[in-house]
Structure formats: C-alpha cells, structure tokens
Amino acid sequence: MKPFEGTKPFYRDSTQCVESRVEDLLGRMTLEEKIGQMCQYTRYPENYEELVRAGKVGSLFNVTGAEQTNNVQRIAVEQSRLGIPLIFGLDVIHGYSTIYPIPLAIASSWDPEMAKKAASIAAAEAFSEGVCWTFAPMVDIARDPRWGRVAEGAGEDPYLGSAMARALVEGYQGEDLADPDTIVACPKHYVAYGGAEGGRDYNTVEVSERTLRDVYLPPFKAAVEAGAGTLMSAFNDLNGVPASANRFTLTTILREEWGFEGFVVSDWNSIGELVSHGIAGTRAQAGKEAVEAGVDMDMEGNVYQTTLARLVEEGAVSEETVDDAVRRILTIKFRMGLFDRPYTDTSLATEVVQCKEYIEATRDFARRSMVLLKNENGVLPLKKDLKIVVVIGPLADEQDALLGCWPCMGKPEDVVTVLEGIKNKVSEETDVLHAKGCDIQGDSTEGLKDAADKAEVADVAIVVVGESREMSGEAGCRSTLDLPGVQEKLVRDICDTGVPVVMVLLNGRPMSISWPAEHVPAILEAWHPGIQGGNAVADLLFGDFNPVGRLPVTFPRTVGQVPIYYNHKNTGRPPTPLLYTSKYIDLPSTPLFPFGHGLSYTQFEYSNLKISPQKITPDSEVEISLDVKNVGDRKGDEVVQLYLRDLVGSVTRPVKELKRFKRTTLKSGEKTTVKFVVGPEQLAFVNRGMERVVEPGAFEVMVGGSSEDIRLTGGFEVT
Ligand code: GLC
C-alpha cells in the first residue's frame, strides 16, 4: 500500500467544511479501509503496526502517554495510504490520574456544576497524555444495589441522572470537540443495562417501553442533547433483542427520534456475544445484526474486521450501511480536529497531571460528595483537641479501596487514608491510636480484642468500614448488601465498650447497615472518595466543612426489600397496617435511608409555599416558591427538593417524582426565597399510546429536604 504523499487532497484542507471533507475522504476509501475505521482494539493487537499501516484500525484504547499515542499515530497518519488518524479511548470514569470520588459519590453532591468541573479536570489530564475519548459518563439508572455498576452512575432517579449526564458531557467535551484539554464523551451503556435481573451484571433485562422511556432513556437523551459525540451500546438482552443489535433503540429512538449524529461503539465484544445470546448463529450474522441495528464501531470483537467485507460482497449487507457508519466515525474525527492536529504536545502532562490545583479540587469534590446519614445528639463535629482518638477498621489505613472502581491511572500510593487525614487534622496533643480490627472480608476475629481494648481508653472511636474497590464496578455484584466479613461484629464490639462511636462508610453501593443505623450515634457515608478521601473525611468529622451531600439512591433495610426506590407506583393496596396490603410481614415497608436524604450540622425551616397560577393549560408553566431559613448556629447548604405527583393519569403514575432541586447556602439565621418553574417537560409522561403527553388533572406538590422529609405540600391543576 503506497504511503500518503503528494499535494494536499481536499479532505486534508482544514478550511473546508467537515461534511465535504468527510464525503471527499469516503469517496477515496476502499471497502477494506472503510471497515478498518469500524474496528477498535485494546492496547496493541498482534502485528498492530501492519494493521494500522494497512488502514485496518480506526481506534485503539488503553494506550496512554503522549509518546506512546504519538508513536502509533505517526504510523496511521504518515505511513498509511490515506493518513486517517486513530482515536485513542480510555475509561476515564472519575479522574485520569487525580482520582476523585466515584460517580455515585459525585451524584451525591447534587451539584451538576461541580460534576462538570470534575469531568473537565479529568479531560485535561487525559488529553495531555494522548487520550482523546473517554468511555464515560455511565448514565445507567440503577434500582438494584446488588449490581456492582451502581457505583459508576448517578443512582435511581431519571431527573438527577439527566442533570448529571448533561453536566459530565459538557465537562468532558467543553464547548467544541476540537477544543484543547477536552475529550469526546461516550454515554453508556445504551440502554437499560442497570435493569439486569437479580442485580447480576450482564443479565437479562425485561422492561416495558414505557419504563424504558420514562426511566432508562432520559439520561441518555440529556447526554445527546448536551452534544455527546459518541455512545456505547450495552451487553444486555433488552426485551429479547440485545442492546447491541437493537435497531429500535439504536436507530429509531437514538437517531430518528433524537437526531443523534455521533457514532456508536459497541461494548467489549458485545457484537461477538450476540452468538452467545442466541440471536446470531455465526459471527457473520452477529456482524450483520449489529451494523444494521446501528452499531458503528466494534470494540475488541474483531467481528467487523473478519466478516463485514464478505457480507458486503455477498450482498448480505449494503455498502451504504457501511458508508453510514464510517461517515459518522469520520465526522467525529474531523470535528475533534484529529486530521489537523493528530499529535499530542508531550510537554503538557508534566504541568497538568496531579497539579496542586487539581488535587485541592479533588478534596473539595470528596467533601461535597459525602452524606451525613445520622448524627444523634450532635456527636459530630468532633473537637480537634480530644485527648485520645482511636481509628479502627479494615479501611482505616486503606489506600487502594479509596480509588474506587475504574481507577484509571490512579495509584494507591497517591491516596490519603482516613487515618492520615485524621492525624493531619487533630491537635498536637491528641493521641491517635489505630487498630485494624478485622479484614474487609474473611471471618477472622483475632483483631477484635485489640480494637476493643484501644476503644476502652479513647474519647471517641472512629470506625471505618465498607467495601474493597473490587466489590463494586463491573462484575462486582453482591448477593447481600451487608458489611462484608465480620465488620458488623467489629462495630458491635466497639459500641459495647461504651465509647462514643462514629462510623465512616467507604463503599460503592447502598448498604443495609440496619444494626449500625440503630445503635451507632453518627454515620458518614463517604463512598470511595478518591485520592484525597482521608483529608475530606477529616474535614467533615472535625467540622471544617459542613456536610452537603444527599443520597442519589435508596438504602434498603435488607437486600430482601430490593428493588426499592422512591418513585414507585402506589399499587391498589399500598402498605398499611392492614393485613391485605402490599408489604412484608417481617419488615417495615420504608427504606433504611431514603432517596435525597442527608443531614447538615445546622437545621433548616421551610415556610410560605406559594403556587401560581393554581390552574394552568397543558402547555403553560407554574411557579412554585417557598422560604427556607437556616435556624441552626452555623452556615450550611440545603438541597431543596421539589417532588410532584400526577394524581390521576391514563396510566399509573409514581407516588412522587423529583422534578427540580436547588442547593442554597445560608448563614445562621439567614432566610431566602427559592423559586421553581415547572412546565410541560416536567409534567409529561408516556401514555397508553406511547406518546409523551401532559394530561389534565390535579398535581400534588411536595417540597422538602429528601423524598421522605416533605416539609410543605400544595397543588395545582392542569385544565
Ligand atoms: C467494559 C465495560 C465498559 C468499558 C469497556 C472498555 O467491559 O462494560 O464500561 O468502557 O469495557 O473498557
């Protein structure tokens, strides 16, 4: 194959519009070169130089470092016939090297602007290291916390999930795909991957089209509207047609209804797995199913590479279908500026990666992501000059776990542990003792006595428990939500000493911590908080930061309650003390901690709810305002949450749905008026005919500090 040379062909002329450049280049490509653009491989596939030189590779992922990406890029750009640059992808899920809290924690901040900032930092670090595409944000709604990937998303709610999806896409991509320090986003896993039966990863998903449209699709739609350049198709079977072969979702909804113009990459060999699903008897049939459904690029499946040419030659797949896929891929590569600036400045990384500004920002992301679940009798905040503090637990001096799932290029040695964070925080006179007590998993109890002995002499015991990072994330599914191993026994033993106990949870999912919730006076949900997690925990425990986080997921009392989520239907027999109603006979029907829950070191009072007008037409808006006052003794944030209930619909409607939220910071004694406007977008739902409509009828308005802590109620009517 002759290497690219000679005068500048039209598609190389950066003054021309992208569309024309794409058509010019497409017209020059052989079928083999077109299919090459549809092929993505991890790291360095066997004889990769030859493959790249032959134009048989469109993308590599898991190649990092500007030197490394430039080396391969030179082969593609300077030695292949048409010089089409590669796009380098990576799972930059919550930071590149400066690892910040897992996405579920970021969602707990209920702060889209913060999420956007976090993504922009991750993008700048990744960009400086030659990565120009991230397989993020993960926007799968998850209602089953047994599913390990609940850690990677924004929880159970479509509205909060959509707000986070939009913010993260904007953070990664900036204003323009060609902007420096930005990377192309890839919302995943399209679609309804979080609905896996039993919370078991890769498992079957059966959801109605209405639930698909009202619950699982909205965050993807928000991401597409935010301009996401790519999207990843999921592994799961979806109502009998796997998501990576589902033309209804990949083309009818995504492209025809939403107008998505980017390209779709499969998940890892999710095309090849169509054979295992049993909807393709051969890999060639799998290739045909996927490309005709709308999957443009084959991640690490080698199906397109080995089957598409023949399918086209035999007429089983039209070359026009291939052209459509390649056109979408080339369009993104041109829009990113890859043809005009294919190489990375190798001097960037030293100034950018783990710079002081980013590390400090990561500490703030962690602080704002933590949720104060319980604080009886004001045990927290602690005094910094206590005589003896004992830090106990398998995660007290743990580094690796705090990186969380998908740690990208993060290193455990970069992590500040909770023990270190506390030592950094307390006074010189304070004696900080440490006892591991037990392991994260396993049934050894030999360390419990040492821990209890140290607790006996302490003024307070901070017990740090939770999960390793492998216990959530991909394939990290658990059949129980309990504290692993003998950790709960450790908590009980420390409580039995009579010392005041503060429990810190470092985990990747909601956990059924029923006993601690009843017996431990203070509990801080810190998630897997990233490299500054230890300092952030100490900032909150010792009062240098007033907790602002709120739960984006429901905490069940036990795994037996799953699925349990706040925006559920009422049923014909909602749970009451009466026997024949929808409940368990051995457990309350309420969650352990509800969606939206989170305490502060101060308190807030709600008053003066106004709803105007009281009657609206289906296409108009209503304003809902209220006053919030800080009635405590220190400054703090309140996340004012607005829930609506459509009391009567042509289909059953949830008992409440989050439709707006607003964080407000108030000094002690300060009062403010919070205003919300809701209109057709917030009132609409999918009716019996599968159309999104606003129906006439009464709506209940609920405003409060969580889905259960409703402080003010009212209503309005759609006429
Ligand atoms: C994995 C994950 C996906 C990830 C991809 C590349 O299997 O499902 O989220 O982006 O492979 O690592």
Side-chain angles (χ1 to χ4, degrees), residues 39-45 57-64 86-96 99 102-104 119 122-123 126 131-142 147-154 165 168-169 172 183-196 199-205 216 219-220 223 228-238 242-245 262-274 276-277 290 295-303 403-410 469-470 472-477 508:
C39 299
Q40 177 187 57
Y41 299 99
T42 181
R43 294 194 61 71
Y44 302 101
V57 181
S59 169
L60 291 176
F61 66 113
N62 295 326
V63 175
T64 56
L86 301 173
I87 176 171
F88 292 96
L90 186 68
D91 290 284
V92 186
I93 308 298
H94 54 107
Y96 175 85
I99 303 303
I102 56 173
L104 188 62
V131 172
C132 51
W133 181 23
T134 178
F135 305 131
M138 188 273 219
V139 301
D140 301 310
I141 294 295
W147 189 52
R149 306 201 77 166
V150 63
E152 299 176 46
L168 291 168
V169 167
Y172 284 125
I183 55 181
V184 177
C186 184
K188 67 185 184 182
H189 307 77
Y190 190 71
V191 63
Y193 181 33
R200 219 170 68 232
D201 210 352
Y202 320 112
N203 202 10
T204 304
V205 176
Y216 291 100
F220 284 97
T230 70
L231 201 109
M232 183 183 292
S233 67
F235 289 118
N236 55 282
D237 181 354
L238 175 59
S244 290
F263 73 82
V264 172
V265 62
S266 77
D267 202 338
W268 191 302
N269 189 36
S270 62
I271 295 174
E273 288 175 8
L274 297 178
S276 170
H277 276 292
V295 180
D296 303 313
M297 187 179 279
D298 173 7
M299 176 192 281
E300 190 56 21
N302 208 28
V303 174
L403 291 173
C405 58
W406 296 103
C408 201
M409 307 306 282
R469 65 181 180 77
E470 294 80 7
S472 60
E474 183 172 2
C477 302

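The chain is numbered in sequence order, starting from 1. In this text the structure is predicted, and so the values were computed from the model without any measurement. Atoms within each ligand, like the ligands themselves, are counted from 1 in listed order.
If you number the atoms of ligand 1 from 1 as listed, the ones under 4.0 Å from a heavy atom of F235 come out as 7 (O), 8 (O). Heavy-atom contacts of F135 reach the following atoms of ligand 1: 10 (O) (cutoff under 4.0 Å).
Atom 9 (O) of ligand 1 has as its closest protein heavy atom H189 NE2, 2.6 Å. D267 OD1, 3.4 Å is the protein heavy atom nearest to atom 5 (C) of ligand 1. Looking from atom 6 (C) of ligand 1 to the surrounding protein, the closest heavy atom is D91 OD2, 3.3 Å.
Considering backbone and side-chain N/O atoms, Y193 never comes within less than 3.5 Å of an N/O atom of ligand 1. For ligand 1, the polar-atom distance check finds an N/O of E474 within less than 3.5 Å of one of the ligand's N/O atoms.
Residues R149 and H189 are in side-chain contact: their nearest non-hydrogen atoms beyond the backbone lie under 4.5 Å apart.
When only modelled atom types and interatomic distance are considered, N62 and T42 share a side-chain donor-acceptor pair under 3.5 Å. With 3.5 Å as the limit, one finds a donor-acceptor pair spanning the side chains of N302 and Y41.
Neither the backbone nor the side chain of E152 has any atom closer than 4.0 Å to an atom of ligand 1 (non-hydrogen atoms only). Under 4.0 angstrom from ligand 1, there are no non-hydrogen atoms of M138.
Minimum interatomic distance between C405 and R469 (heavy atoms only, all atoms of both residues): N-CB, 4.0 Å. Between A185 and T230, the shortest heavy-atom distance links the atoms O-OG1, 2.7 Å.
A distance of 6.0 Å or more separates the ring centres of F235 and W268. Remark: aromatic rings of F61 and F135 are close, center separation under 6.0 Å.
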